[in-house]
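Take a look at the structure below.
Note that the structure is predicted; figures quoted are calculated from it, not measured.
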Amino acid sequence: MSPVFFGIILLCSLIFSLLLAGNMPHDLVSVLIVALSWLGTVALVWTRWMKADAGRLTRIATGIGAAIVFAIGYQWTTQTDVFIIPEQCGCKAHAGSFWPLFFLWIAGTGLLAYTLMGNVLNYRALLNPISLKGAAWWLSAATWTAACIYILGNNVTLEVLVESLRVAGVIIGAIAAFVGAIAALIFVISYPQRRRMKRMRAEFEQIDSGTRHDIVDLVDRHARQTEFLLYYRPADATGGDTGAQIGGDPLAFSNETWPRQEDGTPALFLLQLPLQAPRLPAPWQGRIITVYMQDWGLVVRSYSPADTERLSAMPNPQDMQAVVHQALHAIAIPY
């Protein structure tokens, strides 16, 4: 992003925030919306000029979003006809829908989870009420759920509930019918291709293993004469390529430690690969990368070719059945 374009965005965001602050009612929701707008600009500045991760700012912005949701819910607690369309509109009496409350509840719990954990997929920490963050989420989520139930009891009559479910059934049925029609059309159109593929697979199964290896070796030798990509397959009895593996003991420096998850347990070692494809940029050419899964995020470590002699296998503290060790063999595919 050019400095001029970035400056225009920054100026527009400032003007937008000032207009909101000057024209919107000075209630809690309005103040939070202005704060959220300006915080987004700060996060943009932080990542653009500070060249740093804006994860904390993102969680603060998510917390402000959660506060906006809670403020809307709080306003509904004092009302008794939020989801009922009045008879004066010419509609059927007591027509309405409670789905806005349902989606508001989902939004509140999701924003709470991200604000506290920084990752809504970190369900281990969310489901652990013993940890401080887990206990905070359980308490806040239970309070928010109780508030939504209170709003539901005050505002949703039997007529509104029936109407909501009827409308949802009509919409879901229409979507299901549309998707089913598209799926049926695709099935009919793709039938000849699927028939050809089935015949090709049957013919491939009739080829003996020696001929298959010859075909793969021919493709590999031909591809390495020009630019190519590398694909990996499980190694056979002849062994895999040096440094290419799934699971097992990864290469590391002697002073490196095994990555740990938030609860203190060892992260999961996924795979290790040498980067050798010709099209890779020079800084990555010949490097070895190791990939771990840590609290549903990836931790990637990278080692230069000059460091290869200093690397040694680091004992894997995980159960070998968690990720079964498998050596890999590279196959070159024409670019």
Side-chain angles (χ1 to χ4, degrees), residues 53 117-119 121-128 131 204-205 208-221 223-224 227-335:
D53 181 33
M117 305 298 175
N119 187 352
L121 297 179
N122 188 5
Y123 69 89
R124 290 185 183 178
L126 288 178
L127 298 180
N128 182 14
S131 67
F204 179 76
E205 291 296 331
D208 61 89
S209 59
T211 305
R212 294 184 192 179
H213 281 291
D214 292 342
I215 294 173
V216 172
D217 290 341
L218 178 63
V219 173
D220 183 85
R221 290 196 306 271
R224 291 182 187 273
E227 291 189 336
F228 59 87
L229 300 174
L230 285 181
Y231 283 70
Y232 287 87
R233 63 173 178 175
D236 52 20
T238 59
D241 295 352
T242 303
Q245 65 185 61
I246 295 173
D249 299 334
L251 294 176
F253 295 128
S254 57
N255 61 345
E256 280 190 286
T257 59
W258 195 275
R260 294 279 172 178
Q261 305 198 85
E262 197 172 80
D263 59 3
T265 59
L268 202 63
F269 171 57
L270 298 181
L271 61 88
Q272 174 180 287
L273 289 178
L275 306 179
Q276 299 171 339
R279 283 217 170 198
L280 284 173
W284 288 99
Q285 194 62 248
R287 298 186 74 88
I288 293 178
I289 61 168
T290 56
V291 184
Y292 303 82
M293 177 172 282
Q294 181 187 54
D295 290 318
W296 303 103
L298 294 182
V299 175
V300 181
R301 293 178 176 177
S302 168
Y303 308 96
S304 69
D307 294 329
T308 304
E309 295 182 357
R310 299 171 49 207
L311 299 176
S312 59
M314 181 166 54
N316 192 332
Q318 279 278 6
D319 179 7
M320 291 303 173
Q321 295 302 317
V323 178
V324 179
H325 177 251
Q326 174 66 66
L328 300 175
H329 178 66
I331 302 173
I333 303 295
Y335 190 88

Indicate yes or no: at least one non-hydrogen side-chain atom of P266 is less than 4.5 angstrom from one of R260.
yes
Taking all heavy atoms of G243 and all of P274, pick out the closest pair and write down the distance.
O-CD, 3.7 Å
Can you find a heavy atom in the side chain of R301 that is under 4.5 Å from one in the side chain of P259?
yes
Side chains of V323 and F269: does their closest heavy-atom pair fall under 4.5 Å?
no
What do the steps show when you test I246 against V324 for side chain to side chain contact (heavy atoms under 4.5 Å, CB included), and what is the final call?
CA-CA 7 Å; I246 295 173; V324 179; over 6 Å; no
Using atom types as modelled and distance alone, determine if a side-chain donor or acceptor of D249 lies under 3.5 Å from a backbone N or O of A313.
no
Mark yes or no: R233 above the aromatic ring of Y231, with NZ or CZ under 6.0 Å from the six-membered ring centre and no more than 45 degrees from the axis.
no
Got a second to check how far L311's CG is from T308's OG1, nearest 0.5 Å?
6.0 Å
Verify the distance criterion only: is there a donor paired with an acceptor across the side chains of T211 and D214 at less than 3.5 Å?
no
Counting C-beta onward and ignoring hydrogens, is there a side-chain heavy-atom pair between L251 and M314 closer than 4.5 Å?
no
Kindly indicate whether the side chain of Q261, heavy atoms from C-beta on, has any atom under 4.5 Å from the side chain of M293.
no
Applied to residues 282-294, the side-chain hydrogen bond (donor to acceptor under 3.5 Å, both in side chains) test, sequence neighbours excluded, yields R287-S302
Rounding to 0.5 Å, atoms CG (D295) and CG (L268) come to a distance of 11.5 Å
To the nearest 0.5 Å, what is the distance between CG (N255) and CZ (R310)?
7.5 Å
Those residues at least two apart in sequence (or on a different chain) that pass salt bridge (Lys or Arg N to Asp or Glu O under 4.0 Å) with R279 are E227
Between R224 and D220, does any side-chain N to carboxylate O distance fall below 4.0 Å?
yes
Which pair of non-hydrogen atoms, one from L230 and one from Q276, has the smallest distance, and what is that distance?
CD1-CB, 3.9 Å
Heavy-atom check, side chain of V219 versus side chain of P334, under 4.5 Å
yes
Flag side-chain contact, heavy atom, 4.5 Å: R212 against V216:
no
If only atom types and distance count, is the side chain of W258 paired as donor or acceptor with the main-chain N or O of N316 below 3.5 Å?
no
Where is the tightest heavy-atom contact between P250 and G248, given as atom of each residue plus distance?
CD-O, 3.5 Å
Suppose the criterion is ring pair (Phe, Tyr, Trp, His ring centres under 6.0 Å): which pairs have a residue in residues 299-325, not counting sequence neighbours?
F253-Y303
Atom pair CD1/CG of I288 and D307 - distance to nearest 0.5 Å
9.5 Å
Heavy-atom closest contact (A332 atom, F228 atom, distance):
CB-CD1, 3.7 Å
